[in-house]
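Down below is the structure, laid out as structure tokens.
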Amino acid sequence: MAGNGLQSLGRVKLADLAPSEGSPTDSYKISVSMLSQSLAQFSAVIIQFPESDGALLRSGLESARLYFHQRASYPTPDIIHTSDSREWCRTSGYYADPHLWQETYDYRPGLTLLEPNNSLEFPPAGLPDIFALFGRAARDILDAISFHLNLRSSPFTEILDNVPLRNKEVSSSVLSVCCHARPSFQGGQHHNIATQEDGQLVMYSPDHDHQVDKSLISLVKSDKAGLHVRDFQGQWILVDGDLGPQEAVVYPGLALYQATAGYVNPALHKTEINMEANMYGRCSLAFKLMPKSMTSLSCSEMRAAGHGVEAQFQLPVAVDDFMQRSHPTDHLFNRPGFQCFNFPPPQDGSMKNSMRRTKQNSKSKPLPPSKRLRLEAQRVLKERVQDIADKKGIKLRFCNLKECESHIHTLDSPCANVRMEIGWPPGVPFVHPHDLPNKAKLGFLEAYEPGWTEAHHNLERLVNTQLTFTESVSLISNIWTTYDQVV
């Protein structure tokens with residue numbers, strides 16, 4: 001992932017992520033690639049809405065500022081938020097958390113919002129429209145991630161709310177209108193005020209160093225900078241420092257981490273507030289795409305796509321139990337996120353020139369002979385094993401080169417899963433490139449592609465010890481003959 005080298009948070013146009021019938025367009029493939037790289041490298045990405053939606057987001061933030069500004073200076077005890085995980089899908093209306101110096105208004109379609117004294121609540125304006133806008137965007141982003149992971153179209157439909165909601169249904173997803181550090185909000189506790197190098201006063205909470213959402217996807221639009229996300233190197237980066245009027249920050253949550261067997265890491269995030277020249281506090285619109293409570297998070301789609309699923313993700317987890325459970329975050333980021341890849345860009349304009357430069361660079365820096373040899377052998381292996389899998393109706397996931405190198409000394413690996421899924425007979429060698437020395441790889445390739453050695457004769461002098469052609473063919477022929485006899 002680091003080798004792909006994104007210099008900053010990726011920016012993707014929402015219009016380019018909208019799925020369409022037929023083959024994916026070049027703009028869709030490039031956008032999916034940028035999305036996946038940014039999520040893997042920074043745990044976040046910036047989504048650009050159409051310009052027409054910028055006015056809606058701007059009016060929503062202005063309405064939020066006015067709403068919180070007219071609130072009382074300190075909340076009454078009956079609307080102070082208690083972190084009861086059992087209420088994860090039932091919060092609505094206004095509540096406050098003095099420990100975080102945060103006020104929130106939750107909008108959840110399907111609920112009638114009343115104040116504690118049973119008077120009608122007057123919410124910030126435009127919430128139904130903003131909820132619909134963010135909801136469509138979150139689903140398109142989720143489908144783009146699914147496309148990247150080679151899952152079928154809309155694989156998470158079964159765990160998402162109906163669109164539109166059925167009669168008497170309440171939305172699991174929620175749009176939270178938040179205000180941090182409103183100066184007139186008295187009672188903020190357990191905070192420290194620190195002076196940064198540039199002389200600015202910043203408020204932070206030592207009791208809440210970071211947070212992680214339990215959502216599938218979260219979208220945040222703020223009126224002031226302050227949202228920090230931890231990247232794959234463990235560094236905290238400011239992700240909303242230069243948002244345009246129609247841009248929002250997107251990051252994954254714990255539910256997506258569970259549903260993808262850990263291939264998509266959730267984002268650790270925190271908020272720091274600049275206390276100077278702060279009349280209204282920091283207002284934000286935060287949408288969380290949540291799974292339905294009466295469903296389960298399973299990795300069946302990941303297995304169907306041929307991805308390896310570790311033991312901790314094997315059993316389905318009830319969503320309601322998952323949301324009420326505590327999830328330590330220290331172990332979530334020890335493993336790499338899902339692999340990123342670059343789709344070929346369209347062959348026109350600057351993209352064409354960029355490809356020409358890339359080709360020139362690749363010619364000046366060829367792959368080491370050992371890697372070229374392994375990649376060729378891996379390609380042949382895939383073709384032969386895939387023939388067997390196709391006859392049995394099995395979808396397989398193969399190691400890539402980097403994974404192969406890391407799995408040489410491990411017991412549980414995609415290679416081992418392939419052996420098990422296709423029913424490879426015990427005692428018959430599974431001819432995989434990382435199981436063979438370089439001298440045997442040449443024989444492996446020559447056995448299945450006669451003339452390969454002659455076509456790539458320049459590799460011969462780079463291999464220390466060669467098997468003769470006869471020995472190589474005999475070795476591979478014996479392996480496959482034994483396999484045919486056992487099967």
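One-based numbering along the sequence shown.
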For a side chain to side chain contact (heavy atoms under 4.5 Å, CB included) with Y251, tell me which candidate from V45, L39, I217, L227 qualifies. L227

I'd like to know if the side chain of S146 and the backbone of L142 have a donor-acceptor N/O pair within less than 3.5 Å. yes

Under the ring-ring contact (aromatic ring centres under 6.0 Å, His included) test, residues paired with F156 that sit two or more places apart: none

By salt bridge (Lys or Arg N to Asp or Glu O under 4.0 Å), D140 pairs with (sequence neighbours left out) none

Does the side-chain contact (heavy atoms from CB on, under 4.5 Å) test come out yes or no for I145 and L256, once each step is laid out? CA-CA 10 Å; I145 294 174; L256 188 58; 4.0 Å; yes

Side-chain contact, heavy-atom cut-off 4.5 Å: D223 with R282? yes

Quick one: are S298 and S300 in side-chain contact, heavy atoms under 4.5 Å? yes

For S215 and L289, what are the C-alpha separation, side-chain angles and deciding distance, and is it a side-chain contact (heavy atoms from CB on, under 4.5 Å)? CA-CA 6 Å; S215 61; L289 182 68; 5.7 Å; no

Those residues at least two apart in sequence (or on a different chain) that pass ring-ring contact (aromatic ring centres under 6.0 Å, His included) with F42 are none

Flag the pair C179 / Q102 as yes when at least one side-chain heavy-atom distance between them is below 4.5 Å, and no otherwise. no

Could you pull out the closest heavy-atom pair between G110 and V170, with the gap in Å? O-CG2, 3.8 Å

I would like to know whether L56 and L133 meet side-chain contact (heavy atoms from CB on, under 4.5 Å); could you show each step before the answer? CA-CA 9 Å; L56 176 61; L133 175 66; 4.1 Å; yes

Non-hydrogen side-chain atoms of W88 and V319 separated by less than 4.5 Å: yes

At what distance, to the nearest 0.5 angstrom, does CD of Q258 lie from CG of L297? 6.0 Å

Pair L149, V264 - check side-chain contact (heavy atoms from CB on, under 4.5 Å), show working. CA-CA 10 Å; L149 292 173; V264 182; 4.2 Å; yes

Donor-acceptor under 3.5 Å (K214 side chain, M323 main chain): yes

Can you see whether N162 engages E169 through a side-chain donor-acceptor pair at a distance of less than 3.5 angstrom? yes

Where do C283 and R65 come nearest, in terms of heavy atoms and distance? SG-CG, 3.4 Å

Would a distance-only check, ignoring hydrogens and angles, find a side-chain to backbone donor-acceptor pair under 3.5 Å from K224 to G281? yes

Contacts of type side chain to side chain contact (heavy atoms under 4.5 Å, CB included), residue E51, not counting sequence neighbours: Q246

What pairs with F131 under ring-ring contact (aromatic ring centres under 6.0 Å, His included), at least two apart in sequence or on another chain? Y107, F287

Please give me the minimum heavy-atom distance between G241 and A225, naming the atom from each residue. CA-CB, 3.8 Å

A side-chain contact here means heavy atoms from C-beta on lying under 4.5 Å apart; do V250 and I46 qualify? no

Tell me yes or no: between the side chains of R108 and T91, is some donor less than 3.5 Å from an acceptor? yes

Drop me the distance from S154's OG to L160's CG, to the nearest 0.5 angstrom. 9.0 Å

Aromatic ring pairing Y67/Y105, orientation class (parallel under 30°, perpendicular over 60°, tilted between): perpendicular

Separation of E272 CD from H180 NE2 (nearest 0.5 Å): 11.5 Å

Regarding K270 and the six-membered ring of W236, is the cationic atom NZ or CZ under 6.0 Å from the ring centre and inside 45° of its axis? yes

Nearest heavy atoms of I130 and G60, plus distance in Å: CD1-CA, 3.8 Å

What residues, two or more places apart in sequence or in another chain, satisfy salt bridge (Lys or Arg N to Asp or Glu O under 4.0 Å) together with R136? none

Report yes if the side chains of S43 and V229 come closer than 4.5 Å at any heavy-atom pair, otherwise no. yes

Nearest 0.5 Å please: distance from the CD1 atom of I237 over to the CG atom of D231. 5.0 Å

Does the side chain of F313 reach to within under 4.5 Å of the side chain of Y257, using non-hydrogen atoms? yes

For D161, give me all partners under side chain to side chain contact (heavy atoms under 4.5 Å, CB included), at least two apart in sequence or on another chain. R139, L165, S171, S172, S173, K292

Quick one: side chain to side chain donor-acceptor pair (under 3.5 Å) partners of T25, sequence neighbours excluded? S27

Taking only distance into account, with no hydrogens and no angle test, what donor-acceptor pairs under 3.5 Å do side-chain atoms of residues 10-19 form with protein atoms, sequence neighbours excluded?
from: R11; atom 1: NE; to: E247; atom 2: OE1; distance (Å): 3.4
from: R11; atom 1: NE; to: E247; atom 2: OE2; distance (Å): 3.0
from: R11; atom 1: NH2; to: D242; atom 2: O; distance (Å): 3.0
from: R11; atom 1: NH2; to: D242; atom 2: OD1; distance (Å): 3.3
from: R11; atom 1: NH2; to: E247; atom 2: OE1; distance (Å): 3.2

Please determine whether the number of non-hydrogen atoms from other residues, nucleotides or ligands lying under 6.0 Å from atom CD of Q314 exceeds 12. yes

Would you say the side chain of L151 lies within less than 4.5 Å of the side chain of H307, judging by non-hydrogen atoms? yes

What's the spacing between E103 CD and F68 CZ if we round to 0.5 Å? 6.0 Å

Does A125 offer a backbone N or O that forms a donor-acceptor pair with the side chain of S63 under 3.5 Å? yes

Which pair of non-hydrogen atoms, one from I159 and one from S296, has the smallest distance, and what is that distance? CG2-O, 3.5 Å

Side chains of H269 and D213: do they bring a donor and an acceptor to under 3.5 Å? yes

Sorted by chain and residue number, the side chain to side chain donor-acceptor pair (under 3.5 Å) partners of S176 (sequence neighbours excluded) come out as D106

Do F134 and F49 have ring centres separated by under 6.0 Å? yes

Side chain to side chain donor-acceptor pair (under 3.5 Å) partners of E62, counting only residues at least two apart: none

Within the supplied structure, the quantity of interest is the number of heavy atoms (other residues, nucleotides, ligands) at a distance under 6.0 Å from K221 NZ; does it exceed 12? yes

Please confirm whether the backbone N or O of K29 pairs with a side-chain atom of S33, one donor and one acceptor, at under 3.5 Å? no

Listed partners of S293 passing side chain to side chain donor-acceptor pair (under 3.5 Å), at least two apart: none

Checking H228 side chain against G226 main chain: does a donor-acceptor pair fall under 3.5 Å? yes

Return the NZ to CG distance between K288 and L216, rounded to the nearest 0.5 Å. 12.5 Å

